[in-house]
Amino acid sequence: MSKTMKMGMLGLILVIPSFLLLFVIVVIPIALSFVESLRNDAGGFDLSRYQFLFTDKAMRSNILFTLKVTIVSCVIVLIVSYALAVYMRFSSGRLVELIRKTYMIPIFIPGVIATYGLINLLGNHGWLSRFLLLIGITLPRIIFDQKGIIIANLWFNIPFTAMLLSSALAGIPNSVLESAKDVGAGRLRVFFQIVFPLSYKTFLVAATFVFMGVIGSFTAPFLVGPNAPQMLGVSMEQVFGVFQEREQAAAIAFFTFLLCSVLGYFYIRSMVKEETARL
Amino acid sequence: MLWYFRAIGTRKIIEFLLLIVFIVFFVSPLLNLVVLAFSGKWTYPDLLPHQWSLQWWKFVLQEDEIAKSIGLSFLIAALVTALSIVLCIPAAYAFARIRFPLSKVFLFSFLLTHAFPKMGLYVSIAVLFYKLGLMNTLLGVVLVHMINVLMFMTWIPTAAFRNVHSAQEESARDVGASPFRVFRSITLPMALPGIIVASVFTFLNSLDEAQGTFLVGIPDYRTMPIVMYSIIADFPGSAGAVFSIILTAPTIILLLAAQRFVSADVMSSGFQLK
Amino acid sequence: GCGNKADNANASSSDASAPASSSSNPASSAPVEISFYFTGSQNVKDMWDTLVPKFEEQNKDVKVKLVYIPSGTGAQPTYDRILAAKKAGKGSGDIDLYEDSLSTVTKGGKDDLWDKLSLDSIPNIGNINSKTMDNVSHLAVPYRASAVVLAYNSEKVTTPPSTLDELYEWIRNNPEKFAYNDPSTGGSGNSFVSTSIYKDLPQDAIYSTDPAIQKDWDSGFATLKDLGKYVYGKGIYPKKNQGTLDLLANGEVDMIPAWSDMVLEQTAKGQLPATTKMKQITPGFNGGPTYLMVPKLSEKKEAVYQFLGYVMSPEAQGIIVEKMHGFPGIELANMPQEIQDSFKGVSEGFRSFNIGDLDKEITKRWQSEVAAQ
Amino acid sequence: MSIQLSIRDLSKRYKTGEGVSGISLDVNKGELITLLGPSGCGKTTVLRSIGGFLEPDSGDILIEGRSVVKLPPEKRPTSMVFQGYNLWPHMTIFDNLAFGLKIRKMPKAEIRKAVEEVLNLVRLPGAEKKYPGQLSGGQQQRIAVARSLLLKPAVLLLDEPFSALDAKLRHEMREELREIQTETGLTMVFVTHDQEEALSLSDRIVVMNHGHIEQIAAPQDIYDAPETLYVAEFIGKMNFLKGGAQEDKLVMGRMEFPNAKRLSGEVVVAVRPEDIILEPGTRQEAGLPGTIKQMMILGHYAEVSVDLGDRGIIRAFQPRDKVKELHLGQSVNAAFTKVIAYSNN
Amino acid sequence: MSIQLSIRDLSKRYKTGEGVSGISLDVNKGELITLLGPSGCGKTTVLRSIGGFLEPDSGDILIEGRSVVKLPPEKRPTSMVFQGYNLWPHMTIFDNLAFGLKIRKMPKAEIRKAVEEVLNLVRLPGAEKKYPGQLSGGQQQRIAVARSLLLKPAVLLLDEPFSALDAKLRHEMREELREIQTETGLTMVFVTHDQEEALSLSDRIVVMNHGHIEQIAAPQDIYDAPETLYVAEFIGKMNFLKGGAQEDKLVMGRMEFPNAKRLSGEVVVAVRPEDIILEPGTRQEAGLPGTIKQMMILGHYAEVSVDLGDRGIIRAFQPRDKVKELHLGQSVNAAFTKVIAYSNN
Ligand SMILES: Nc1ncnc2c1ncn2[C@@H]1O[C@H](COP(=O)(O)OP(=O)(O)OP(=O)(O)O)[C@@H](O)[C@H]1O
Ligand SMILES: Nc1ncnc2c1ncn2[C@@H]1O[C@H](COP(=O)(O)OP(=O)(O)OP(=O)(O)O)[C@@H](O)[C@H]1O
Ligand SMILES: [Mg+2]
Ligand SMILES: [Mg+2]
């Protein structure tokens, strides 16, 4: 008994330093900003800052816009990443090898730079439009539009998601797929009834992290997004930096956090379930 | 989307085309920057610059601020990496090996760093740091950089430690190694790939961090990305492109150096905590 | 605002400039080091990098530590630092001199952060338009000014508009060939917006900080809203001053409001095509001086005054004008003739607004009404 | 008997040059045939070619007289049971079993009935609602077999289905498979590298070596008369000794045997451990002298290692009672009741 | 013989209530003793308690007369070979082997020599520079054994060291372990759930059941005279039939046996497959009538299943030659040469 106590103490001692840091630089600021977000104009406390999020027309459209961009980005990212992961899992050849070796690089490219490159590439007079001009196509507006934000999100998130999914797919033994084919399942059926359910958990993980990454993003939406409606990250910055309404910015941040928490809940639940199953 | 499922002939073609689109999508923004960086005159609608030049390289490299910011960025990144190793690896070991009360709560609390929007977090942190006198200090900057990496630095090594089979540790105990020796000679080296991946990730992430630095480190701590921001803001395309290349170079070099360790499995295991 | 109308002819105090001698205290001990925080783009930094060594050469007893805060996004860290330091009872937070725009001067006035500057301590303040000094309650000195002008591609535009109404007409006739930037991200767009809003308001409305005036903005916003479909991208407002300059440079638009100094500099460096020309409309776009403020709690005020005295001297102002392609902070009449000449054509119609927090309200309302239409 | 599966001159080479070639084989209806050979000899390659998971380079595969080489796996009338990881972990046993039937659009009620029946057949009634993870390894493999049986394949393919199980379970599974085969009369091709498994299960055994077939014969024939040295080495335990062939005699020390194959010169003489008689002492006229080196009791018999000096060590199986008279280091005489000879090259 | 390891009334219960209790056992110097029992019976628990990886709730463990219960694993004169994951993948074989010696501060030259020697002993000379991943499973386990041998432990503990290997390799490894034991004279405690392994390896076998010891005896004794029904079921193949006890007689159909244990009423009669004699026809006076249901040739003998009707199915081992006279469905008479009886509860 005392030994388990001792181990427990040791565990806590090992965890405390990093948790303390987390506490100081994350938990306290979150708590502070929550308190801040409850403060109204008069200095009292109420939910007026949150009310504003839903009553102000511009803010409402920002929220809807953010959700729309986030969900569209998530869906495309997940589909493309899945396709890529499936491709890397089941194909061979030099091209695939090359992709396997390099697809993770964008994860490490600084966000500003990639965004900057995308602006220069996809702008109205950017490189792409110059190429398309040759074949007589005018590029639709991408930069300063939600398309730009979505494309940037794809650029940033596909490699990461593909990485998660490809390691999940690597964990599915061939014989599981072959036995499905063997009993007569066609390709689509194999995918939807075997491959997908077996990588579903990772899919959830990927969805969680893409969602969290996109919904609070700032750099890309700021540089390539439209003036209005704005992503919440941009709006938050504007409210804080330009309008100097710290409380309102905190409310936006906290609201975003609540949205993330929903997915975070499912993520944690599935991870904990797995843990208990493992023990 | 399910390329591999298609019939052979057309399948190959479609597959190839899609791959090309895919590669172009990821490569062209970077390639565009490279071309831009060496361009002198490049007006619409020319496909390539009609005049190449190193003018912006000269301009960017002449700024002594740039060299300074690169040095500073590396210093900060090294500090962040070192500090997070010191703080997070013991925690990761505890999560992987020791049962203690609330361990899951602690473990998943690191998700907060990703669930709360960065912008909002930085703003609150600034308020806190003013009170703590951490504004415009090296420590303040380092701490802010750690927000982004705490989760990676804890979760990936946790998974790595978990993958060290306990029989491997026990057999070392068995041949006479003390618990500490076991950790040093067996557990740690075996979990090293995970720790390296996490560290590389931390290092690069710190090199790239801009928003938090801007809020906490200005004016004294002008790191590469901060300079990059002002260059994007104040100079035309080519200068930004040059600087982008300078900024990306360490990333690529470090990645190539650590390529052996950076594998999808190691990284993604950190998110699944199996 | 300094209200430097071009016809100001207050040349009297021009020889009162005594940069080095005014208040030097030859206490031949180690030189006093003052910390000077400033923001702005790269050319601002270059300018100070030139100016400070010259000053230090003449004033061996003062050293100026330049602390450059690059422009970009984010909050106002320096201001918050001074404020936080004051609240924490830690003096001025080691900031002895601070450079920023009018809104900060006003804000700091409310927070009682700035030192009152007087002719006694800095004689060269006499070179400045006194109305300007009154406007800022002597809490700051305008050391330079930039004007927002119309920059245009002279190959495409032969007869540029010379009034705001002509400009509107030009915009409507040349759809998507005009762009102004998001007013929350850069002064040139901000200037275009506020100039438009105050177009039909009384002359001195631009010096009023009375919130009651907000209801008179409606027609201005209506115009801006209407212009939305004619501007670049049918309603795209690039981020930052450079955003519109880039569009002009690559030929996507033919006309933009821009800071004169940026246009001058970028044309000189070849970033903007040589065919780029500038034109000020009448009444002029809202330009603005940049101010220097001394934190009240600074412990090295004497030395700071000495430095400010130098900055406001015609010699230093000459360098500023040259480096910044901007306007002098002191009255033009106090400047050498050649400099006066070089400002012909741009300086006419130059105005400066002082509407305090109302500026924020403008951006807010612009965001929800014009951007989000 | 009609031929159910016919493989004709099948060849399949991987890029590495490894693979199989010249594989020809006819399997009768209701027969259980085993592909036996060491790791890497190409057993799986043949089996996967039949199942449609590999495209042969040349040759033909006919099932019930129809060529199937051009068909994808899901269109072939075969069904395969893999070594491990067979079941789909996210589906219940019922769904695992019903999956193939649903694809075939069998009515629900019928599916339920069929699943129930097959679960009875594999002796796991009532397991429908469980998940594979809740079953033991042996039970999982039984479900895997059941899943294949449900589809009533023309040929059932099994690729080392029991090798992941432990010895006891493996024995049980073999018996069960045998019973199921008797009951259903299915045609089966079974792959294994375990010769005991092959001997106990098969109607006929195909011994493979390095991508080709060495011998096809019934287990008893393979055991009694391995055609090549390779087969002799691989099937059952066997001792190899050097001997000489003289016209119609094989000579080993003081022993002589008939030279059926008419070999000459130096030969390799193979002796099964159970064909060795050990007698204490060395006075016997026939037989080779040696000393006992090790004795292991293996249930109802014992394995005794005898050191024959220059001739090496041989292993002999002795009844347990007999062993009680022997002890380590004892001098014994080893006589052979039956030998097979192979030319020495 | 001196007692090397002594376990005295050892008890260890996990929070779940499972575990072992009342374990007492003396192991002589140079003895190889096997803990045998089904999965979950507590073998590993005992072994890990000896090795120091578990803290017993009560009881004492003495090695060479000294109590070691209070020592951590690294201080105990034991060494353990685990089922798998034994080696450290980031070290070469040399480093794996030398690790323990380095900790003991042995001079470099001596380490090199010792490693070379032990590699010869396990028949892997020259493997020093390789990494574990470059060796096959069997080779890795040999290195694991070598690593333990190098430390010259007072007691060598082996926890199912070969169960991850395939059948053939397992057989080989057993023989090798036996040889190594003969050469080194080490005291070993070996854990397995494979009764064949236990029978072939051990000097004595400890049969465990549900956390306690059922029987400790030499393999032959365990095989010939299992003390309990449980042991009889577990060791070797065994047929169980119902019979009656009448004073000094056991009666089964027409057969009678002596009632050594003086049981009465209904009893369970256990018969080894090799103690069954099958004769065609049913005319015999003694024995039970039945029909042949299945025959499997297992190398040098055959297993014949005989359906005895109400009495169930029994399995008999028959010489291969004998089987040639039998065929499926044939009526036979099964006579028993030896039986053991257990009371029926
Ligand atoms: N996809 C492949 N690419 C290249 N070589 C292969 C491939 N699959 C198998 N081989 C090689 O072909 C040979 C035969 O392989 P196969 O899997 O048929 O052997 P096997 O008899 O089933 O062996 P095992 O008993 O180990 O399963 C081996 O040498 C193997 O290395
Ligand atoms: N750490 C533990 N906590 C709780 N119960 C345990 C633990 N370890 C083992 N047990 C339980 O104790 C019993 C004995 O376990 P042990 O590992 O000794 O069995 P074993 O005989 O070695 O079985 P196997 O042959 O499967 O290895 C089992 O029922 C097991 O479930
Ligand atoms: Mg195989
Ligand atoms: Mg065990």
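Predicted model, so just to flag it, every value in this text is computed and none were measured. In what follows, chains carry the letters A, B, and so on, assigned in the order in which the sequence lines appear, proteins first and then strands, with residues in each chain numbered from 1.
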Just so I understand: if I count every heavy-atom pair under 4.5 Å between each of [options] and chain B, which residue has the most?
options                             : answer
A:Val112, A:Leu128, A:Leu204        : A:Val112
A:Pro110, A:Gly126, A:Cys260        : A:Pro110
A:Ser217, A:Gly8, A:Gly216          : A:Gly8
A:Ile99, A:Val24, A:Leu21, A:Val205 : A:Leu21

Could you tell me which non-hydrogen atom of [X] sits nearest to which non-hydrogen atom of [Y], and how far apart they are?
X        : Y        : answer
A:Tyr267 : B:Trp155 : OH-CZ3, 3.0 Å
B:Leu204 : A:Phe108 : CD1-CD2, 3.1 Å
B:Ala94  : A:Leu14  : CB-CB, 3.8 Å
B:Lys104 : A:Val272 : CD-CG2, 3.9 Å
A:Ile25  : B:Leu143 : CD1-O, 3.4 Å

What part of [X] gets within 4.5 angstrom of chain A, counting heavy atoms only: side chain, backbone, both, or neither?
X        : value
B:Met153 : neither
B:Ile125 : both
B:Leu87  : both
B:Phe201 : both
B:Thr251 : side chain

Which one of [options] has the most heavy-atom pairs closer than 4.5 Å to chain A?
options                              : value
B:Phe100, B:Tyr93, B:Phe116, B:Phe16 : B:Phe116
B:Thr154, B:Val35, B:Leu31, B:Ile245 : B:Leu31
B:Val144, B:Val24, B:Leu112          : B:Leu112
B:Ile23, B:Asn205, B:Asp46           : B:Asp46
B:Leu83, B:Ile89, B:Leu111           : B:Leu111

Non-hydrogen side-chain atoms of B:Phe110 and A:Val26 separated by less than 4.5 Å =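 Side-chain contact under 4.5 Å: no.
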
So do the side chains of A:Ile105 and B:Phe26 get within less than 4.5 Å of each other, counting heavy atoms only?
-> no

B:Leu247, B:Asp208, B:Leu255, B:Ile252 screened by side-chain contact (heavy atoms from CB on, under 4.5 Å) with A:Ile109, the one that passes |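 Running side-chain contact (heavy atoms from CB on, under 4.5 Å) over B:Leu247, B:Asp208, B:Leu255, B:Ile252 with A:Ile109 returns exactly one hit, B:Ile252.
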
Show me the donor-acceptor pairs within less than 3.5 Å that the side chains of residues 117-124 of chain B make with the rest of the protein, sequence neighbours left out.
residue	atom	partner	partner atom	Å
B:Lys118	NZ	B:Asn148	OD1	3.1
B:Tyr122	OH	B:Glu209	OE2	2.5
B:Ser124	OG	A:Pro29	O	3.2
B:Ser124	OG	B:Gly120	O	3.4

Distance-only, no hydrogens or angles: does the A:Trp127 side chain make a donor-acceptor pair with backbone N or O of B:Leu33 under 3.5 Å?
->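 Checked: no pair found.
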
